[in-house]
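To start, the structure itself, in structure tokens.
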Amino acid sequence: MIIISDKIYAAVARRLLENLDDGTSFFNGRVECDTPEGCATLIATLIIYRRNEAAPGRPESAIENIVPVWWEFRLSIDGADAAHDFSWSELKTFLL
């Protein structure tokens, strides 16, 4: 079993956040990133909760919470799926 490292969680979180349009409240899709362990893929349907944080001259909508409706994580090594210990709760710490 592959232990999902903080580097993998951080890479997947970064990729997911790059795919969330500013102000969007819903995500349905996939993000992929190559890691030293293999190709990591997160397929998910997510509800994005935001709070408005206004700065002088520029309103922003910061992410307050991300709730998965459904998700699947795959780690592929040389084209074959590998067993892993991925945790949505752990990923969430890198997203918020």
Side-chain angles (χ1 to χ4, degrees):
M1 180 183 300
I2 305 294
I3 305 297
I4 303 298
S5 68
D6 285 352
K7 288 183 180 182
I8 295 174
Y9 282 116
V12 172
R14 187 170 39 256
R15 227 18 107 87
L16 179 58
L17 291 171
E18 288 170 359
N19 283 275
L20 297 180
D21 295 331
D22 189 35
T24 188
S25 62
F26 183 77
F27 174 82
N28 183 39
R30 76 174 34 219
V31 294
E32 296 179 342
C33 57
D34 290 323
T35 70
E37 290 81 358
C39 179
T41 305
L42 175 67
I43 306 164
T45 301
L46 309 170
I47 298 173
I48 317 310
Y49 291 93
R50 297 181 178 269
R51 66 180 174 274
N52 291 327
E53 293 181 348
R58 189 173 144 217
E60 291 187 11
S61 181
I63 295 174
E64 185 173 76
N65 197 6
I66 299 178
V67 177
V69 174
W70 177 86
W71 62 266
E72 179 180 340
F73 181 82
R74 296 180 183 163
L75 185 62
S76 178
I77 301 173
D78 297 326
D81 286 342
H84 54 77
D85 70 343
F86 180 87
S87 162
W88 174 263
S89 296
E90 185 66 25
L91 177 65
K92 193 171 175 178
T93 65
F94 289 86
L95 294 169
L96 303 179

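No experiment lies behind these values; they were computed from the predicted model shown.
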Practice task
Identify the two heavy atoms, one from Ile2 and one from Glu37, that lie closest to each other, and give their separation to 0.1 Å.
Solution key: CG2-CG, 4.3 Å
Fill in the blank from the handout: So CD1 of Ile8 and CG of Leu42: to nearest 0.5 Å the spacing works out to 13.0 Å
Practice task
Check whether Ile47 and Trp88 end up in the same hydrophobic cluster, where Ile, Leu, Val, Met, Phe, Trp and Tyr are linked by side-chain heavy atoms less than 4.5 Å apart.
Solution key: no
Problem - salt bridge (charged side-chain N to carboxylate O under 4.0 Å, His left out) involving Glu72 - partner list, sequence neighbours excluded - result: Arg74
Exercise for the section: Could you tell me which residues satisfy salt bridge (charged side-chain N to carboxylate O under 4.0 Å, His left out) with Arg30, sequence neighbours excluded, listed by chain and number? Expected result: Glu32
Exercise for the section: Treat each ILVMFWY residue as a node, draw an edge where side-chain heavy atoms are under 4.5 Å apart, and state whether Trp71 and Leu91 are in one component. Expected result: yes
Problem - Approximate separation, where rounding is to 0.5 Å, of Leu95 CG and Ile48 CD1 - result: 8.5 Å
Which donor-acceptor pairs under 3.5 Å do the side chains of residues 75-86 make with protein atoms, sequence neighbours left out?
| residue | atom | partner | partner atom | Å |
| --- | --- | --- | --- | --- |
| His84 | ND1 | Phe86 | N | 3.3 |
| His84 | NE2 | Phe73 | O | 3.1 |
| Asp85 | OD1 | Ile4 | N | 2.7 |

Problem - Distance in Å, Asn65 CG paired with Arg50 CZ, rounded so as to fall on 0.5 Å steps - result: 12.0 Å
Problem - Shortest non-hydrogen contact between Ala13 and Phe94, atoms and distance - result: CB-CB, 3.6 Å
Handout entry: Phe27 side, atom CZ; Thr45 side, atom OG1 - distance, nearest 0.5 Å
Key = 8.5 Å
Exercise for the section: Look at the side-chain heavy atoms of Ile, Leu, Val, Met, Phe, Trp and Tyr, link any pair under 4.5 Å apart, and say whether Leu46 and Leu96 land in one connected group. Expected result: yes
